[in-house]
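Quick notes on the structure that follows.
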Amino acid sequence: MKKPKVIISGGGTGGHIFPAISIANAIREKYSDAEILFVGAENKMEMEKVPAAGYNIKGLPVAGLDRKNLLKNISVLFKFVKSMYLANKIIKSFNPDIAIGVGGYASGPTLKAASRRGVPTLLQEQNSFAGVTNKLLAKKAAKICVAYEGMEQFFEKDKIVLTGNPVRQDLVCLEDKRQEAYSYFSLNPQKKTILVVGGSGGARTINESIIAALPELSENKDIQIIWQSGKYYYSSSKNSLEKYSDAPVKLTEFISRMDLAYAAADIIISRAGAGSISEFCLLGKPVVLVPSPNVAEDHQRKNAMALINKGAAIMVEDKDAVRDLIPTTIEAISNNELLDKLSINIKKLALPDSAKMILKEIENIITK
């Protein structure tokens with residue numbers, strides 16, 4: 001195959017961006033001369049993360065619908081029209097062999113413009129419940145790469161390929177990093193470790209649950225916690241933690257060495273984003289999921305249930321988390337038999353070669 005020209009579009013959260021970068025890395029690894037261009041939404045995370053990974057990106061002014069304040073959608077409509085115009089210009093000048101959508105606002109105009117100009121498209125749907133944008137784009141897509149079984153309810157069966165979600169490549173072989181992780185986070189190797197993550201921005205309910213449990217945690221001598229609060233909640237979390245200097249808690253705004261955090265963890269508390277779940281499956285780590293109620297179509301709860309139904313995770317509802325999350329997690333981490341069972345079951349759901357499988361589909365589409 002000649003050097004491929006590929007557009008990858010989408011973003012908004014780490015759950016969309018990390019798979020997109022993993023796909024680009026897989027293409028670049030096999031085709032060193034490949035031309036890859038990202039298209040994202042202005043002022044979103046991808047505008048920073050994609051260049052940091054070594055790729056060019058163009059931004060569109062696209063924004064999501066405001067379901068609470070309908071008048072604001074007038075400006076959203078104008079932004080969409082402008083984004084369609086700009087996406088059309090990008091497709092025309094770059095002239096890609098294929099356009100890939102990973103979900104997020106920018107993928108709508110970009111893949112729509114690509115389809116209109118006869119450029120084949122591929123979708124990567126991370127969640128167990130398809131988003132509105134991907135459902136609309138699916139009609140013209142050549143292939144749809146999914147991470148969960150049973151996606152025929154949303155897409156044409158013939159177009160679906162079960163590939164899983166590509167994850168960050170530094171997350172393999174973590175057992176060798178356990179001692180390094182204890183040292184990096186100044187942890188006690190004799191204690192069990194709970195890792196608390198709430199996504200790139202943080203999760204209010206999860207943070208509130210830790211704060212509510214600080215009196216209990218400061219008296220517990222058997223566990224320790226790595227707590228990523230997220231940038232929005234760091235100062236309030238820090239103020240709360242200062243009142244409990246005995247609490248075995250390492251608070252950080254953002255964990256740059258996620259590989260070491262995972263290596264140290266005996267159990268993880270997390271939202272139920274598709275990208276995070278794919279990482280937990282690959283790592284075989286026991287997890288307590290707190291699905292966010294603030295996402296479209298309640299898809300995080302559906303992601304979590306896909307694991308719960310296979311005995312591969314524990315779930316605490318967002319509304320119950322302040323009361324139940326830490327007691328549930330402490331009970332689980334104290335039960336080695338349960339930890340082993342969760343670890344074995346979640347590992348069964350892993351699809352480790354997702355990026356390479358998606359690359360194969362990309363090659364098939366381009367060579368046709």
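Because the structure is predicted, anything quoted here is derived from the model rather than measured.
Side chain of Asp97 to main chain of Lys5: a donor-acceptor pair is present (N/O by atom type, distance under 3.5 Å, no hydrogens or angles). With Gln124 contributing its side chain and Gly101 its backbone, the two residues share no donor-acceptor pair below 3.5 Å. Checking side-chain atoms of Gln224 against main-chain N and O of Asn188 turns up a donor-acceptor pair under 3.5 Å. Put simply, the side chain of Gln228 gets close to the backbone of Ile255: a donor and an acceptor are under 3.5 Å apart. One N or O on the side chain of Lys285 and one on the backbone of Tyr262 form a donor-acceptor pair closer than 3.5 Å. Asn345 places a side-chain N or O within 3.5 Å of a backbone atom of Gly311 that can act as its donor or acceptor partner. Checking side-chain atoms of Lys82 against main-chain N and O of Pro61 turns up no donor-acceptor pair under 3.5 Å. Using a distance-only test at 3.5 Å, with no hydrogens or angles considered, no donor-acceptor pair links the side chain of Lys140 to the main chain of Arg116. A distance-only check finds a donor-acceptor pair linking the side chain of Ser128 to the backbone of Lys302 [under 3.5 Å]. A donor-acceptor distance shorter than 3.5 angstrom exists from the side chain of Ser240 to the backbone of Ser236, with no hydrogens or angles considered.
Between Tyr55 and Phe38, the ring planes are tilted. Angles from 30° to 60° get that label.
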Verdict with supporting geometry, Ile226 and Leu251, side chain to side chain contact (heavy atoms under 4.5 Å, CB included) | CA-CA 6 Å; Ile226 304 169; Leu251 173 66; over 6 Å; no

Let me see the working for Lys238 and Glu253 under salt bridge (Lys or Arg N to Asp or Glu O under 4.0 Å), right down to the final yes or no.
-> CA-CA 9 Å; Lys238 189 167 180 275; Glu253 179 183 316; over 6 Å; no

May I have the step-by-step check of salt bridge (Lys or Arg N to Asp or Glu O under 4.0 Å) for Asp222 and Lys191, ending in yes or no?
-> CA-CA 5 Å; Asp222 301 319; Lys191 291 184 177 182; over 6 Å; no

Verdict with supporting geometry, Thr205 and Arg271, side chain to side chain contact (heavy atoms under 4.5 Å, CB included) | CA-CA 10 Å; Thr205 307; Arg271 286 302 199 194; 3.8 Å; yes

Check step by step if side chain to side chain contact (heavy atoms under 4.5 Å, CB included) holds for Ile223 and Leu217.
-> CA-CA 8 Å; Ile223 61 164; Leu217 291 169; 3.7 Å; yes

Verify side chain to side chain contact (heavy atoms under 4.5 Å, CB included) between Asn207 and Tyr232, making sure each step is shown before the conclusion.
-> CA-CA 11 Å; Asn207 289 328; Tyr232 302 119; over 6 Å; no

Evaluate the salt bridge (Lys or Arg N to Asp or Glu O under 4.0 Å) criterion for residues Glu149 and Lys310: first the C-alpha distance (whole Å), next the side-chain angles of each, then the deciding distance (0.1 Å), finally the verdict.
-> CA-CA 13 Å; Glu149 293 169 352; Lys310 298 197 171 173; 3.8 Å; yes

Quick one: do Glu363 and Tyr31 satisfy side chain to side chain donor-acceptor pair (under 3.5 Å)? Show the steps, please.
-> CA-CA 11 Å; Glu363 289 172 325; Tyr31 301 97; 2.5 Å; yes

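Partners of Thr329 under the side-chain hydrogen bond (donor to acceptor under 3.5 Å, both in side chains) rule, at least two apart in sequence or in another chain, do not exist in this structure. Partners of Ser343 by side-chain contact (heavy atoms from CB on, under 4.5 Å), not counting sequence neighbours, listed by chain and number: Pro286. For Asp266, the side-chain hydrogen bond (donor to acceptor under 3.5 Å, both in side chains) partners two or more places apart in sequence, or in a different chain, are Arg178. Legend: residues meeting side-chain contact (heavy atoms from CB on, under 4.5 Å) with Glu156, ordered by chain and number and at least two apart, are Lys159.
Across Thr328, Ile267, Val288, Leu338, a single residue satisfies side chain to side chain contact (heavy atoms under 4.5 Å, CB included) together with Ile333, and that is Ile267. The side chain to side chain contact (heavy atoms under 4.5 Å, CB included) test with Leu37 is passed by exactly one of Ile8, Ile90, Val6, Ile91: Ile90.
From Ile210, atom CD1 reaches atom CD1 of Ile326 across 3.5 Å, with rounding to the nearest 0.5 Å. For the atom pair CD (Glu46) and CD1 (Ile21), the distance works out to 9.5 Å, reported to the nearest 0.5 Å. Taking CD1 from Ile365 and CD1 from Ile98, the interatomic distance works out to 4.0 Å, rounded to the nearest 0.5 Å. Here CG of Leu307 is found 5.5 Å from CD1 of Ile277. Values are rounded to the nearest 0.5 Å. Between atom CZ of residue Phe254 and atom NZ of residue Lys231 there is a gap of 10.0 Å, rounded to the nearest 0.5 Å. One distance of note links CD1 of Ile314 with CD of Glu331; it measures 8.5 Å at 0.5 Å rounding.
Between Lys79 and Leu60, every side-chain heavy-atom pair lies at or beyond the 4.5 Å cut-off. The shortest side-chain heavy-atom distance between Gln179 and Tyr182 falls under the 4.5 Å cut-off. Residues Val161 and Ile144 form no side-chain contact, since every pair of their non-hydrogen atoms from C-beta on lies 4.5 Å or further apart. Phe280 places a side-chain heavy atom less than 4.5 Å from the side chain of Leu289. Contact of the Val39 side chain with the Ile7 side chain is registered, since non-hydrogen atoms from C-beta on lie closer than 4.5 Å.
Counting non-hydrogen atoms of other residues, nucleotides and ligands closer than 6.0 Å to CG of Asp340 gives a total above 12. Surrounding CD of Gln153 are more than 12 heavy atoms belonging to other residues, nucleotides or ligands, all under 6.0 Å away. Crowding of Asp320 atom CG: a count of heavy atoms from other residues, nucleotides or ligands under 6.0 Å exceeding 12. Within 6.0 Å of NZ on Lys341 lie no more than 12 heavy atoms contributed by other residues, nucleotides or ligands. Shown here is Glu216, whose CD atom has more than 12 heavy atoms of other residues, nucleotides or ligands within 6.0 Å.
Side chain to side chain, Asp246 and Ser218 fail the donor-acceptor criterion of an N or O pair below 3.5 Å. Defined by atom type and a distance below 3.5 Å, a donor-acceptor pair is present between the side-chain atoms of Asn134 and Glu125. A donor-acceptor pair shorter than 3.5 Å can be found between the side chains of Lys192 and Asn336. Side chain to side chain, Ser292 and Gln300 fail the donor-acceptor criterion of an N or O pair below 3.5 Å. Inspection of the Ser9 and Ser107 side chains reveals no N or O donor paired with an N or O acceptor under 3.5 Å.
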Return a table of donor-acceptor pairs under 3.5 angstrom between the side chains of residues 351-362 and protein atoms on other chains or two or more places apart.
unit_1	atom_1	unit_2	atom_2	d
Ser354	OG	Thr163	O	2.6
Ser354	OG	Leu351	O	2.9

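Pairs of residues two or more places apart, or lying in two chains, that qualify as ring-ring contact (aromatic ring centres under 6.0 Å, His included) and include a residue from residues 124-151 are Phe129-Phe154.
Between Met315 and Glu317, the closest heavy-atom pair is CE-OE2, 3.8 Å. Nearest approach of Ala114 to Thr121, heavy atoms of both residues: CB-CG2, 4.0 Å.
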